[in-house]
Enquirer: 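Below you will find the structure I want to go over with you.
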There are 2 protein chains.
Amino acid sequence: MCIDICCDEKCIHEDIIHKVEHDLPNDETLYDLAELFKVFGDSTRVKILYALFESEMCVCDIAELLNLTQSAISHQLRVLKSAKLVKARRAGKTVFYSLADEHVRLIINQGIEHILE
Amino acid sequence: MCIDICCDEKCIHEDIIHKVEHDLPNDETLYDLAELFKVFGDSTRVKILYALFESEMCVCDIAELLNLTQSAISHQLRVLKSAKLVKARRAGKTVFYSLADEHVRLIINQGIEHILE
DNA sequence: CTTTCATATGAATAAGTGTTCATATGTTTA
DNA sequence: TAAACATATGAACACTTATTCATATGAAAG
């Protein structure tokens with residue numbers, strides 16, 4: 001019942017191979033998924049998201065809070081915005097950023113749960 | 001009621017600053033969290049995890065399935081194992097890898113949901 | 001014990017990324 | 001209009017990372 005797809009020994013069933021090939025999302029989706037997680041994969045960006053959990057904030061507030069330059073925060077907010085994790089609202093000279101949706105919180109909480117195991 | 005922590009204008013309330021500072025996990029946790037998401041932030045690793053959704057697999061099966069070299073897969077499995085996302089089981093010459101727990105599936109599914117919005 | 005096979009690993013390279021600095025854009029106020 | 005301020009952006013740099021190639025390790029079979 002087993003097939004040999006690579007090694008001498010019979011490793012996994014042919015129907016599993018077909019099932020995986022069928023269920024595997026297309027390359028574009030997988031690429032986008034990795035790109036999304038890449039955005040979460042930087043502690044500065046994670047800190048920014050955590051800060052926005054409480055309230056919307058302007059760029060300089062975040063910079064002050066995290067002890068980083070305004071430029072660094074602005075660059076990272078751009079990345080977060082491109083990934084649709086945060087959204088921006090202009091009020092005069094000031095730009096307020098906030099979480100784009102609740103997925104952000106869910107994903108981060110899942111991550112936290114995994115770490116704390 | 002507002003304080004000025006950076007700009008001319010009064011941006012956010014002082015109690016929010018205190019709340020954020022209180023709720024923000026410590027630097028080590030935030031670093032670990034970012035490191036975890038970094039692991040998900042590579043399409044090869046995401047593909048490997050997807051394959052393991054169906055069934056445990058040996059290294060050469062995964063390599064064949066994803067059209068990548070055995071070495072590349074082995075290096076990436078090492079990363080996944082360090083992050084405790086997969087576990088290994090030896091059977092003779094063959095090493096079978098499988099998902100370490102269900103968090104993996106949950107995190108990836110949350111990511112997919114965000115993308116498909 | 002030697003060969004064979006599956007996997008792991010180290011070094012090298014090419015590509016990607018986060019921060020800083022300098023500066024530009026855009027908005028408000030004098 | 002000019003000055004002041006918040007934010008955005010481009011270039012440069014140091015640092016990280018994914019893959020490949022060559023080779024080592026570990027296990028089974030002859």
Side-chain angles (χ1 to χ4, degrees), chain A residues 2 4-12 27 30-31 34-49 56-83 86-98, chain B residues 2 4-12 27 30-31 34-49 56-83 86-98:
Chain A
C2 293
D4 174 13
I5 69 163
C6 62
C7 20
D8 268 15
E9 326 238 335
K10 311 303 182 188
C11 293
I12 59 175
D27 268 13
L30 291 167
Y31 179 82
E35 288 302 301
L36 174 66
F37 286 123
K38 212 171 280 180
V39 176
F40 286 96
D42 175 79
S43 56
T44 298
R45 288 192 291 264
V46 169
K47 285 178 191 173
I48 293 174
L49 293 173
E56 65 172 11
M57 287 192 189
C58 67
V59 179
C60 60
D61 281 346
I62 301 171
E64 176 88 7
L65 187 66
L66 304 182
N67 267 306
L68 287 167
T69 65
Q70 174 269 323
S71 180
I73 298 295
S74 186
H75 278 296
Q76 297 298 13
L77 282 168
R78 189 172 195 265
V79 174
L80 290 166
K81 199 179 166 196
S82 301
V86 305
K87 55 179 190 280
R89 170 178 79 82
R90 179 143 223 153
K93 285 178 288 187
T94 309
V95 177
F96 289 97
Y97 283 86
S98 57
Chain B
C2 293
D4 174 13
I5 68 165
C6 61
C7 19
D8 267 14
E9 325 241 336
K10 311 302 182 189
C11 292
I12 62 177
D27 268 12
L30 291 167
Y31 179 82
E35 288 302 302
L36 174 66
F37 285 123
K38 215 171 277 181
V39 176
F40 285 97
D42 176 80
S43 55
T44 297
R45 289 192 291 267
V46 169
K47 284 179 192 173
I48 292 174
L49 293 172
E56 66 173 11
M57 286 192 191
C58 66
V59 179
C60 61
D61 280 346
I62 300 170
E64 176 88 8
L65 187 65
L66 304 183
N67 267 306
L68 288 167
T69 66
Q70 174 270 324
S71 180
I73 298 296
S74 187
H75 278 294
Q76 297 298 11
L77 282 168
R78 190 171 193 266
V79 175
L80 290 166
K81 199 179 166 192
S82 302
V86 305
K87 55 180 192 281
R89 170 179 78 82
R90 177 142 225 152
K93 286 177 289 187
T94 309
V95 178
F96 289 97
Y97 283 86
S98 57

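No experiment lies behind these values; they were computed from the predicted model shown. In the text below, chain A, chain B and the rest are named by the order of the sequence lines, each starting its count at 1.
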Enquirer: A side-chain contact here means heavy atoms from C-beta on lying under 4.5 Å apart; do B:Ile48 and B:Met57 qualify?
Expert: no

Enquirer: Taking only heavy atoms on the protein side, list every residue of residues 36-45 of chain A lying under 4.0 Å from any atom of DNA chain D, sorted numerically.
Expert: none

Enquirer: Between C:dT20 atom C1' and A:Asn67 atom CG, what is the distance in whole Å?
Expert: 16 Å

Enquirer: Is there a donor and acceptor pair closer than 3.5 Å between the side chain of B:Gln70 and the base of C:dA8?
Expert: yes

Enquirer: Please report, rounded to the nearest Å, how far the P atom of C:dT19 is from the CD1 atom of A:Ile73.
Expert: 8 Å

Enquirer: CD of B:Glu35 versus C1' of D:dT16: gap in Å, rounded?
Expert: 10 Å

Enquirer: When the distance from CZ of A:Arg78 to P of C:dT19 is rounded to whole Å, what number comes out?
Expert: 15 Å

Enquirer: For A:Ser74, which contact category applies under a 4.0 Å heavy-atom criterion: base, sugar-phosphate, or nothing?
Expert: base

Enquirer: Please report the shortest heavy-atom distance between A:Thr94 and A:Cys58, naming the atom on each side.
Expert: CG2-CB, 3.2 Å

Enquirer: Measure the distance from CG on A:Leu68 to C1' on C:dT19 and round it to the nearest whole Å.
Expert: 9 Å

Enquirer: Which is it for B:Lys47 and B:Ile62 under the side-chain contact (heavy atoms from CB on, under 4.5 Å) test, yes or no, and what are the steps along the way?
Expert: CA-CA 9 Å; B:Lys47 284 179 192 173; B:Ile62 300 170; over 6 Å; no

Enquirer: Provide, to the nearest angstrom, the distance between the NZ atom belonging to A:Lys47 and the C1' atom belonging to C:dG18.
Expert: 13 Å

Enquirer: Would you say A:Arg78 has more than 12 foreign heavy atoms packed within less than 6.0 Å of its CZ?
Expert: no

Enquirer: Separation of A:Ile62 atom CD1 from C:dT19 atom C1', in whole Å?
Expert: 17 Å

Enquirer: With centres under 5.5 Å and planes under 30° as the test, does B:His75 stack with C:dT9?
Expert: yes

Enquirer: Once you round to the nearest 0.5 Å, how far does OG of A:Ser71 lie from CD of A:Gln76?
Expert: 10.0 Å

Enquirer: Can you identify which nucleotide, out of C:dA6, C:dA22, C:dG10, has its nearest atom closest to the A:Ser71 side chain?
Expert: C:dA22

Enquirer: For the residue pair A:Ala34 and B:Asp42, what are the closest heavy atoms and their distance?
Expert: CB-C, 3.6 Å

Enquirer: Looking at B:Tyr97, does any N or O in its side chain come under 4.0 Å of the phosphate oxygens OP1/OP2 on C:dA6?
Expert: no

Enquirer: Name the orientation class of the two ring planes belonging to B:Phe37 and A:Phe40 (parallel below 30°, tilted from 30 to 60°, perpendicular beyond 60°).
Expert: tilted

Enquirer: Between P on C:dG18 and CG on A:Leu77, what's the gap in Å once rounded to a whole number?
Expert: 13 Å

Enquirer: Base, sugar-phosphate or nothing for A:Thr69? Non-hydrogen atoms, less than 4.0 Å.
Expert: sugar-phosphate

Enquirer: Between A:Gly92 and A:Gln76, who's closer to the 5' end of DNA chain C by nearest nucleotide?
Expert: A:Gln76

Enquirer: Nearest to the side chain of A:Lys93, heavy atoms from C-beta on, is which of C:dC5, C:dG26, C:dG18?
Expert: C:dG26

